[in-house]
Amino acid sequence: MAAFGQVTVFLLVAVAVFESANSSHSADQAVVSFTKYMSYSEVVAYLRSLQLRYPNLVYVGSMGCSVEGRELVYARVSTWPKKNHPKDVMLVDALTHARAWITLPPVLYLLQQLVENHDEHAALLRRCDVVVVPFINPDGYEYSRNVDRLWRKNRATTYNASCIGVDLNRNYNFHWADFMNSQDPPTFLTASNDSCANTYAGPRAASEPETRSYQNFIRSLKSLKMFVNLSAPRQGISFPFGFSSTAPKVPDFDALHAIGAEASNAAVKAGAKPYPVQNLAANYVATGVVTDWARGVAGVNKSFLMELPSGGSDDFLGFDVPTSQILPISQQVFEAFKVFAKYA
Ligand SMILES: *[C@@H]1O[C@H](CO)[C@@H](O)[C@H](O)[C@H]1NC(C)=O
Ligand SMILES: *[C@@H]1O[C@H](CO)[C@@H](O)[C@H](O)[C@H]1NC(C)=O
Ligand SMILES: *[C@@H]1O[C@H](CO)[C@@H](O)[C@H](O)[C@H]1NC(C)=O
Ligand SMILES: *[C@@H]1O[C@H](CO)[C@@H](O)[C@H](O)[C@H]1NC(C)=O
Ligand SMILES: *[C@@H]1O[C@H](CO)[C@@H](O)[C@H](O)[C@H]1NC(C)=O
């Protein structure tokens, strides 16, 4: 019965996505906005429109489906799309945590600049392909937009019927649920086995379709050299490891620190406050996070977490960055992305 329900939801949503590209918002006209936070379906329509308008530059695909059946879309910008050529790849993602809305516009801005302003950024694309994943957690994002602004997790049912959702960024298969035997005193950020907690790690490593799909997708990318995970609201740039305060220092610590500092400087030149650069554990200890997984399991040496500034009211913990900040922050992050791409 439950399985039946899931299949039905999946089909309905798939039809809805398919239609939205062709109906009210004709796909070849969908535009991107930096004066508001776009919805999931608006972003999907924009991605499809980019592919229609720039078929030689953009390939839009799906890496799987969320719990509620939304497609986990990605866009690959390449001078030779679809071909399995050996060019290095920079991967950028957003919206693992549903309430961190400000992570979405900068990745859309990156896409828009690379595609619609292609001539100006041709050098970057000669260096590497850029893959953008706008939503790791589309269900949570729509729930945050429509029901509960501070929603963070996905929308999976758990062992406790009154508590929904797994923290996708505690669900990756690397030091998963290490909080059980960690030396560190657990904080509210580490991870939890209580499904009512915001950092619930899930019943098993990579138990969630979003996490599993993303792990498989990352593994499938040939020559992935640079990975930047966007987050908010504790402004800073971090790199592995974060699973324990006694985690080993990576041998290339200094090189990674230098890249982070250069990215921060570039953002500062565009008007940002400096981004403190440090390893993840110095920022905060957390287990089963994607930044660690990418390095520890997928072997991506340059794996960064870039946490964007907070904004808005304290009632919303700094997650409601005003829409007037969307464009400036997107432009600042773009300057940092250009630095990251240089080292891809
Ligand atoms: C839009 O409609 C055209 C023609 O009716 C069809 O060929 C195309 O597959 C549709 N595209 C999407 C994304 O639905
Ligand atoms: C990755 O980005 C998401 C926001 O989209 C954030 O919630 C998550 O904490 C980030 N990763 C890490 C390791 O913090
Ligand atoms: C389920 O969650 C409710 C609401 O937070 C809580 O009161 C209850 O103790 C939980 N039950 C179990 C079995 O954890
Ligand atoms: C969570 O872990 C604690 C030990 O750290 C254990 O006592 C408890 O039973 C666990 N709860 C669940 C729901 O697994
Ligand atoms: C990653 O870094 C290590 C040294 O820390 C190096 O031996 C290895 O070749 C690097 N891997 C890649 C894919 O660059």
Side-chain angles (χ1 to χ4, degrees), residues 2-21 37-48 60-76 91-101 103-104 107-108 111 131-159 161 163-173 176 195 198-221 229-231 288-290 293-294:
F4 233 122
Q6 274 186 356
V7 170
T8 314
V9 169
F10 162 71
L11 289 176
L12 285 179
V13 175
V15 167
V17 167
F18 199 71
E19 275 183 347
S20 73
Y37 290 103
M38 294 172 75
S39 70
Y40 168 77
S41 56
E42 285 169 338
V43 171
V44 171
Y46 175 62
L47 262 46
R48 300 221 187 281
V60 176
S62 164
M63 64 176 85
C65 282
S66 65
V67 166
E68 292 178 347
R70 290 186 178 84
E71 282 188 77
L72 304 169
V73 288
Y74 68 90
R76 180 171 185 141
L91 169 67
V92 169
D93 73 41
L95 281 172
T96 291
H97 288 155
R99 59 196 182 180
W101 294 7
T103 60
L104 177 63
V107 305
L108 298 178
L111 249 190
V131 177
V132 171
V133 182
F135 309 95
I136 305 296
N137 181 11
D139 300 349
Y141 180 57
E142 285 303 307
Y143 192 78
S144 167
R145 290 174 64 85
N146 298 317
V147 183
D148 175 358
R149 179 63 186 83
L150 286 179
W151 190 257
R152 165 177 166 119
K153 303 186 280 183
N154 76 350
R155 294 294 301 160
T157 50
T158 72
Y159 64 85
C163 293
I164 300 287
V166 171
D167 183 347
L168 296 177
N169 209 32
R170 298 295 181 274
N171 189 237
Y172 289 87
N173 191 9
W176 177 80
S195 75
N198 246 338
T199 51
Y200 175 48
R204 335 172 263 295
S207 56
E208 303 310 293
E210 294 89 351
T211 319
R212 250 189 340 265
S213 301
Y214 199 35
Q215 287 188 175
N216 290 338
F217 180 69
I218 290 178
R219 284 201 177 98
S220 78
L221 287 173
N229 171 238
L230 283 194
S231 183
V289 301
V290 68
W293 181 87

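Counting begins at 1 with the first residue of the sequence. All figures in this text were calculated on a predicted structure; none of them were measured in a lab.
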Which atom names give the shortest non-hydrogen contact between T158 and S195, and what distance separates them? OG1-OG, 2.9 Å
What is the distance from atom OG1 of T211 to atom CG of N216, rounded to the nearest 0.5 Å? 10.5 Å
Just say parallel, tilted or perpendicular for the rings of F217 and Y74, cut-offs at 30° and 60°. tilted
So among V107, T103, V43, L230, which one has a side chain to side chain contact (heavy atoms under 4.5 Å, CB included) with L95? T103
Measure the spacing between CZ of R99 and CG of D148 and express it to the nearest 0.5 Å. 9.0 Å
Heavy atoms of N154 and I164 approach each other most closely as O-CG2, 4.4 Å
Can you confirm whether M38 sits close enough to L108 that some side-chain heavy atom of one is under 4.5 Å from a side-chain heavy atom of the other? yes
Main chain of S207, side chain of R212: is a donor-acceptor contact present, judged purely on distance under 3.5 Å? yes
CG on L91 to CG on N229, rounded to 0.5 Å: 9.0 Å
About how many Å separate CD of E210 and CE of M63, when rounded to the nearest 0.5 Å? 11.0 Å
Contacts of A75 meeting side chain to side chain contact (heavy atoms under 4.5 Å, CB included) (sequence neighbours excluded), chain-then-number -> L47, V58, V60, L111
Can you give me the closest heavy-atom contact between K153 and N137, atom names plus distance? O-ND2, 3.0 Å
Nearest atoms (heavy-atom pairs only) where P209 meets V67: CG-CG2, 3.7 Å
Contacts of R145 that satisfy side-chain hydrogen bond (donor to acceptor under 3.5 Å, both in side chains) - sequence neighbours left out: Y141
So, R155 side chain and D139 main chain: donor-acceptor pair closer than 3.5 Å or not? no
Heavy-atom pair of closest approach, residues S213 and G64: OG-CA, 3.9 Å
Verdict with reasoning, E142 to E68, per side-chain contact (heavy atoms from CB on, under 4.5 Å): CA-CA 11 Å; E142 285 303 307; E68 292 178 347; over 6 Å; no
When rounded to the nearest 0.5 angstrom, what is the spacing between OH in Y40 and CZ in R70? 7.0 Å
Kindly determine whether L72 and V133 satisfy side-chain contact (heavy atoms from CB on, under 4.5 Å), including the steps that lead there. CA-CA 8 Å; L72 304 169; V133 182; 6.0 Å; no
Residues L104, F135; criterion side-chain contact (heavy atoms from CB on, under 4.5 Å); working and verdict: CA-CA 8 Å; L104 177 63; F135 309 95; 4.0 Å; yes
For N171 and R204, which heavy atoms make the closest approach, and how far apart are they? ND2-O, 3.1 Å
Qualifying residue for side-chain hydrogen bond (donor to acceptor under 3.5 Å, both in side chains) with S144, from W151, Y37, W101: W101
Separation between CG (L168) and NE2 (H97), nearest 0.5 Å, reads 7.0 Å
Y214: what forms a ring pair (Phe, Tyr, Trp, His ring centres under 6.0 Å) with it, not counting sequence neighbours? none
